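Provided herewith is a single structure, encoded as structure tokens, for subsequent inquiry.
Position 1 is the first residue of the sequence; numbering continues from there. In this text the structure is predicted, and so the values were computed from the model without any measurement.
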Amino acid sequence: MINFDTHKWVSRGKSVFYLLTSKCKTGWTWYRQAYRKSPWYKKTLLVIVTFILSFMLYLAMVDINFLWLFGKSPGLASIHNPEQPVASEIYSEDGKLIGKFFKENRTPVKFEEISPKLIKTLISTEDERFYEHFGVDLQGVFSAVKDMASGRARGASTITQQLVKNMFKVRSQYSTGLLGSIPGVKLLIMKSKEWITAVKIEIFYTKQEILTMYLNTVDFGSNAYGINTACATYFHTTPKDITYEQAATLVGLLKATTTYNPKLNPKNSLKRRNVVLENLMSHHVISHAQFDSLKQIPMQLNFSIERNYDGQGPYFREAVAQSLETWCKENNIDLYSDGLKIYTTIDTRMQKYAEEAVDKQMRIVQRNFNNHWGRENPWRDRNHEEIPHFIEDLAKRTVAYKQLELKFSDRPDSITYYLNKPHRLKVFDYDKGTRDTTISTMDSIRYMERYMHCGFVAMEPQNGHVKAWVGDINFNSWKYDKVLSKRQPGSTFKLFVYSAAMNMGLSPCDERIDQYLAWDVIEKGVPKKWIPRNANGAFTGDTLSLKAAFARSINTIAVQLAKEVGIHNVALTAHAMGIKTPLEETPALSLGASDVSLLELVNAYGTVVNDGMEQDPVLVTRIEDQNGNVLYNNKPQQIQAVPYETAFLMTEMLKAGLTEPLGTSQALWAFDLFKYDTEFGGKTGTSSNHSDAWFVGVTPKLVGGAWVGGEHRSIHFRTGELGQGSRTALPIFGYFMEKVLKDKSMAKYREKFPKPKQPITKSYQCRTIYHRRDTDSIAVTLPDSLNNTEEINITVE
């Protein structure tokens, strides 16, 4: 252990201090004597040398933050590796840029990608001696001081100094130390740091590199950071193809990005542009004749601000961002500023087809919904009665209400008044996207709540690659993604009931009777009878093969199977096949009463087509940094969720939805799908009260699913004729597949289901012979003994 003698070290410190003090006094005495004895010209030289040495000493003290007086300055490490926010780019599987993630919308370019016209314009306007100085233009500084003395203050910052301000933000991100609180000194310290850092940059970088960094860093206003984004924002061009008048406009607005913004202040911008062009003429970059010609050209903008949400597949891109949150956190990566290249599985052609299919079908659904309800309000409870205060309760969740509540906390009448006062507002419209109108907040809620909503996703079952993703009918109006939202899947969940039954040894040709069934349950400590009913509320009494029962979506037989194999086994099978959401293990689970998302449901159907191998959905395949280094590679992992034979048999069951008499997927035959030698299967689903309508369709190489419903479960059609999955959701898949199969570049999706890859031990080629009767169902009279027991009835399709 070191014995630290405090008194000893204090004594030594005092000795050193006295020694330094005495040396300074001796030096200062020598300087005064030398100054007095020298002639005037030596005195002048001595003053100049002293000033220069003192200033250099001051700069050195600023750079090392002597005694914490000046605050920290940019170090050599940050100068060698400057950090600036760069937008991350998202690419589709077919190589298209579909969007960006950014805080500052900046995409760097190389010097070779910048037109010489732009370089000459910048130097002529911002720093005419750029190639002559070393970061600080002393001539410019003296000229600025001279002009300041005559009352004509102007700046003297070089391009390199401006780069320091833009890239290192010495005026905002670095403190000015203990002396920074002294009036006037703070500005001197900040300016000193700019000079020091500018000189360092000139030492370590070439002039071309400095120009490139500057143009990639500077803010051009309108959320355009860097020359690449600025060219695209204002003129829809590139730095390589920019013209003199366009270059003059962009360089001109650097003086003040609002005052000379060509979009906000076109007259000011035009005048400033012509001043810049005149600079080009005076520096002999262009001739007088060129100047006269260029200044006559009117301001011609092709203005478009790029936002985070711009681009194709906005819901998909938001899902990508969400899926990368954990990875970014674990790897200390900022998705919005690290300039990543993110390569995804989406196909822009299929995404376009999906969006068109959703738009086409949802216009029809909306028209039917409007006609169905007319002027009646569609928000209804289970007894079909209008829900009181429904809109008022929704209004209380809005930002407008909360702001009014803060302002009029003790005056509820004022809140009501302003909520019902008409004002300018944008609302969704199918034909215009958004429509400007005059409407109150309350009426806007009523208007928007009458819209029906949709989600659609398509993926390749063999690798889990998501090819198309539509989260709702309009991203700008509804950000909530219906592909990821959780709703009751109805009869689409029967896939897991029948899969569990196949696992337990049953076959598609085994038979069950469509008959009355009661299941004893305990609800809140009270014994009850849970009685499932078919969609038409009746039982036929027919003996049906499981294949026919699945194709017709017979509830009673699905529940019989669930009771035989056990609800817990059904839940385990669902989870194994791809359902991630926790499931409520009650008898109603067999009919899809427990919420799941569309994405996991479609993925689980893909497990069947993929020979029983489960693979999580894949959105991103590879991520690279700005230099092309691979940071992430998707490594798919597949597990055998159900035996191959079960998967094969369930594929046959899904195909039966189209081939069996009264199969619920037969509406697909109405679409132009079957001339391409492609086979289909599918399953519809509709929850209680028609709140949720589903369809999942399968082909050998592509699986797609759609959900249709209201924003809230209480908003729905009143009849199955209009609200069931085969009427609302199935056509979306049909329209989508029509376009996919018609596209010759996607011929790989034209395929039939393969023959068995191994011997199948169970019979599956049975087919129901349907004899039409006067009525397709018979009424069933329940036993009198049930009158003394409370019943729970459920009817789903």
Side-chain angles (χ1 to χ4, degrees), residues 52 55-66 70-86 104 106-114 116 118-144 155-177 186-220 225-228 230 239 251 254-255 337-339 626-627:
I52 292 173
F55 187 68
M56 291 180 66
L57 178 62
Y58 158 75
L59 291 178
M61 293 169 67
V62 171
D63 193 34
I64 65 173
N65 190 21
F66 182 70
F70 306 98
K72 186 179 178 182
S73 298
L76 291 179
S78 60
I79 290 174
H80 272 296
N81 300 288
E83 295 182 3
Q84 58 176 332
V86 177
E104 295 180 358
R106 178 185 290 107
T107 303
V109 292
K110 299 177 181 177
F111 184 81
E112 297 77 21
E113 299 173 301
I114 304 173
L118 183 59
I119 299 295
K120 293 174 182 177
T121 304
L122 176 65
I123 293 174
S124 297
T125 305
E126 293 293 316
D127 192 355
E128 60 186 2
R129 284 178 293 278
F130 174 72
Y131 289 108
E132 301 165 15
H133 62 66
F134 52 90
V136 179
D137 184 5
L138 295 179
Q139 182 179 337
V141 172
F142 289 130
S143 297
S157 293
T158 64
I159 287 176
T160 314
Q161 287 176 256
Q162 293 179 46
L163 173 62
V164 172
K165 285 189 288 187
N166 294 333
M167 182 173 286
F168 300 104
K169 297 180 173 59
V170 293
R171 299 194 177 191
S172 59
Q173 293 186 3
Y174 290 88
S175 70
T176 51
K186 181 177 181 178
L187 180 60
L188 175 62
I189 294 173
M190 290 190 298
K191 201 68 180 177
S192 300
K193 290 183 179 182
E194 289 176 14
W195 289 336
I196 295 166
T197 310
V199 172
K200 290 179 181 178
I201 286 175
E202 290 279 347
I203 293 172
F204 292 110
Y205 294 99
T206 66
K207 292 290 187 179
Q208 285 188 357
E209 289 172 332
I210 292 171
L211 286 170
T212 305
M213 284 193 293
Y214 174 80
L215 286 170
N216 281 330
T217 306
V218 69
D219 177 9
F220 287 90
Y225 294 86
I227 190 62
N228 195 28
V251 170
L254 293 177
K255 185 176 181 180
S337 63
D338 281 352
Q626 295 183 57
N627 300 316

### Task
Report the C-alpha separation of Phe130 and Leu211 in whole Å, then their side-chain angles, then the decisive distance to 0.1 Å, and conclude whether the side-chain contact (heavy atoms from CB on, under 4.5 Å) test is met.
CA-CA 10 Å; Phe130 174 72; Leu211 286 170; 3.6 Å; yes
### Task
Look up atom OH in Tyr205 and atom CG in Leu163, then write down how far apart they are to the nearest 0.5 Å.
9.0 Å
### Task
Could I get the full list of side-chain hydrogen bond (donor to acceptor under 3.5 Å, both in side chains) partners for Asp338, not counting sequence neighbours?
none
### Query
Roughly how far, to the nearest 0.5 Å, is OH of Tyr131 from CD of Gln208?
6.5 Å
### Query
If you look at every heavy atom in Glu104 and Pro85, which pair is closest and at what distance?
OE1-CG, 3.7 Å
#### Entry: Over all atoms of both residues, closest heavy-atom pair of Glu209 and Thr206
OE1-N, 2.9 Å
### Task
Decide yes or no for Leu118 and Val251: does some side-chain heavy atom of the first lie under 4.5 Å from some side-chain heavy atom of the second?
yes
### Task
Grab the two heavy atoms, one from Asp137 and one from Gln161, that are nearest each other, plus how far apart they are.
N-OE1, 4.5 Å
### Task
Find the distance between CD (Glu128) and CD1 (Ile159) and round it off to the nearest 0.5 Å.
11.0 Å
### Query
Considering residues at least two apart in sequence or located in another chain, which fulfil the side chain to side chain contact (heavy atoms under 4.5 Å, CB included) criterion with Glu113?
Val109, Lys110
## Note on the structure
Closest non-hydrogen atoms of Arg106 and Thr217, given as atom of the first, atom of the second and distance, are NH2-O, 3.0 Å
### Residue list, side-chain hydrogen bond (donor to acceptor under 3.5 Å, both in side chains) with Ser337, at least two apart or on another chain
Asp334
### Query
Any idea which heavy atoms bring Ser157 and Gln162 closest together, and the distance?
O-NE2, 3.6 Å
### With sequence neighbours excluded, residues passing side-chain hydrogen bond (donor to acceptor under 3.5 Å, both in side chains) with Glu202
Thr160, Lys207
### Message
Before you tell me yes or no, could you show the steps for Ile119 and Leu215 under side-chain contact (heavy atoms from CB on, under 4.5 Å), namely the whole-Å CA-CA distance, both residues' side-chain angles and the distance that decides it to 0.1 Å?
### Response
CA-CA 9 Å; Ile119 299 295; Leu215 286 170; 3.8 Å; yes
### Query
What are the two closest heavy atoms between Pro108 and Asn216, and how far apart are they?
CA-OD1, 3.4 Å
### Query
Listed by chain and number, what are the ring pair (Phe, Tyr, Trp, His ring centres under 6.0 Å) partners of Phe220, not counting sequence neighbours?
none
### Task
Quick one: do His133 and Asp127 satisfy side-chain contact (heavy atoms from CB on, under 4.5 Å)? Show the steps, please.
CA-CA 10 Å; His133 62 66; Asp127 192 355; 2.7 Å; yes
